Undergrad: 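My structure is below; once you've seen it, I'll send some questions.
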Number of protein chains: 2
Amino acid sequence: MTEFDKGPQGLRRGRGARERIIGASQQLFRDQGINRTGMDQLCAAAQVSKRTAYQHFANKDELVAEYLRRFDPDVMPGVFDRPDLTPRERLLAAFEMPETTPLCPYIAASVELHDPQHPASEYAREYKTAIAARLTQAAREAGATDPEQLGEQLALLIDGASARTRVLNRDSFPTAAAIAAVLIDNAIPAPAQR
Amino acid sequence: MTEFDKGPQGLRRGRGARERIIGASQQLFRDQGINRTGMDQLCAAAQVSKRTAYQHFANKDELVAEYLRRFDPDVMPGVFDRPDLTPRERLLAAFEMPETTPLCPYIAASVELHDPQHPASEYAREYKTAIAARLTQAAREAGATDPEQLGEQLALLIDGASARTRVLNRDSFPTAAAIAAVLIDNAIPAPAQR
DNA sequence: GATTAAGCACACCAACTTGTGTACTTAACG
DNA sequence: CGTTAAGTACACAAGTTGGTGTGCTTAATC
């Protein structure tokens, strides 16, 4: 019984070792941080031998990069894929944080790795840019006079709430949402609001 | 030649050891991060023997805590000690970041140490609270209707700019300052503005 | 049944970490 | 002078890290 796909060449055995590795990294990197999570512990959690892990990922850095790539800016916190909301509501939805993410993993990775050249750091930059672009687009749809500016501002608010939540150990997203509401109302000319 | 550093060969004894250690930690922790800076390297940079370092600080954690304590919320970036500015200008002055601080060391420490119980993490929380309190006070002096709210909002903007600057490798404080201007003008009733 | 890819168990390595122990040297001071 | 506080140099312990080498086992396909 093949439980799984039999690709033209690839045959997945057991149960997706690669997926388990990434799954374990998502949990451990988030809970303990990247630097404080050793490959031994990670492999144990993934129920994968260390040897196998290093056959899937050349080194830890590459695993970290792949771990970050798994977060997709298009599926943020269900912000841009909700046609039931008005544009304004969609912009505000970005501040309902899924409390599974105590600190944006990109900020964490940038700080922990401490190397702007690191592939993960570079992807973090891409991601942040993508998020701002999505917000800009939503701002445009909402009729903002300067969508770029509003998008960048909202992105900054999200990062601020994320960082502050981490340091203070207290949810700062409501504060950010309050600011966002002010900015949005200021940026959208009255006739377009509803 | 009395009590000052002087010695036959590079022997800086007398009274500077502790200060040199902290000085080196300020530079290295900022440039390389805390976890990536070993005590060996730090002692070499401070021109202090490792033994001496451990006579001044029980362990690295304590050094990290002391390193953070050296940042004083009262002397932020010369924000609250400038009677030449109007209250409004004083609030905005908080966003002229001294570019010597790429990322607020408290956010960095919180992320790197990854332990809310760590003395440095706890001090980071105190510091952030103190900053918000100072901003709240300035907001009150500026005549804001809800100074607490404005202070908290401005603090969040600072953190957002700090985090975002780090991740994007691009100064985000102007964006934060623009938001701050909007918030301030919205929070201060017209007659009180000047 | 043979082949083959994927994985496992486990020992092992080299580098690096924080932190000590020990014996020696210097400067200040009464 | 002698005492003492501060510091040095250096070896070393004990732990952790990322990463390999090797031989063996499984399961699906040929």
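Not measured: the values here are computed from a predicted model. Naming convention: chains lettered A, B, ... in sequence-line order (proteins, then strands); numbering from 1 in each chain.
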Undergrad: How many Å lie between CG on A/Leu63 and P on D/dT17, as a whole number?
TA: 15 Å

Undergrad: For C/dG7, does either OP1 or OP2 sit under 4.0 Å from a side-chain N or O belonging to A/Thr52?
TA: no

Undergrad: Kindly say if B/His56 contacts the phosphate of D/dA6, meaning a side-chain N or O under 4.0 Å from OP1 or OP2.
TA: no

Undergrad: Give a yes-or-no answer on whether the side chains of A/Thr52 and A/Ser49 include a donor-acceptor pair shorter than 3.5 Å.
TA: yes

Undergrad: Among C/dT20, D/dT8, D/dT22, find the nucleotide with the atom closest to the side chain of B/Tyr54.
TA: C/dT20

Undergrad: Can you tell me how far P of C/dG7 sits from CD of A/Gln55, to the nearest Å?
TA: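 These atoms are roughly 8 Å apart.
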
Undergrad: Check whether A/Arg134 reaches the backbone of A/Ala130 with its side chain - one donor and one acceptor, N or O, closer than 3.5 Å.
TA: yes

Undergrad: Can you measure B/Met39 atom CE to D/dT16 atom P for me and round it to whole angstrom units?
TA: 19 Å

Undergrad: Give B/Gln41 one of three labels, base, sugar-phosphate or nothing, depending on what nucleic acid heavy atoms sit under 4.0 Å from its own.
TA: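 The residue B/Gln41 makes no contact with any strand.
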
Undergrad: Rounded to the nearest angstrom, tell me the gap between atom NZ in A/Lys60 and atom P in C/dC16.
TA: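 Rounded to whole Å, this separation is 16 Å.
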
Undergrad: How many Å lie between CZ on B/Phe57 and P on C/dG19, as a whole number?
TA: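 After rounding, the reported distance stands at 13 Å.
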
Undergrad: More than 12 heavy atoms of other residues, nucleotides or ligands under 6.0 Å from CD of B/Glu89: yes or no?
TA: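 Correct, the count exceeds 12.
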
Undergrad: Separation of B/Gln32 atom CD from C/dT17 atom P, in whole Å?
TA: 10 Å

Undergrad: Regarding B/Asp40, tell me which of base, sugar-phosphate or nothing describes its non-hydrogen contacts under 4.0 Å with the strands shown.
TA: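 Counting heavy atoms under 4.0 Å across all strands, the contact made by B/Asp40 includes a base.
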
Undergrad: Would you kindly give the CD-to-C1' distance between A/Glu19 and C/dG7, to the nearest whole Å?
TA: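 Taking CD of A/Glu19 and C1' of C/dG7, I get 16 Å after rounding.
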
Undergrad: Starting at the 5' end of DNA chain D, which residue's closest nucleotide do you reach first, A/Arg36 or A/Arg51?
TA: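 Nearer the 5' end of the strand: A/Arg36.
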
Undergrad: Mind calculating the distance between CG (B/Asn59) and P (C/dT17) to the nearest angstrom?
TA: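 After rounding, the reported distance stands at 17 Å.
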
Undergrad: Would you call A/Leu183 and A/Leu150 a side-chain contact if the rule is heavy atoms closer than 4.5 Å?
TA: yes

Undergrad: May I ask you to verify whether the side chain of A/Lys50 and the base of D/dG19 hold a donor-acceptor pair under 3.5 Å?
TA: yes

Undergrad: Looking only at non-hydrogen atoms, find the nearest pair between B/Tyr67 and B/Pro105 and report the distance.
TA: OH-CB, 3.6 Å

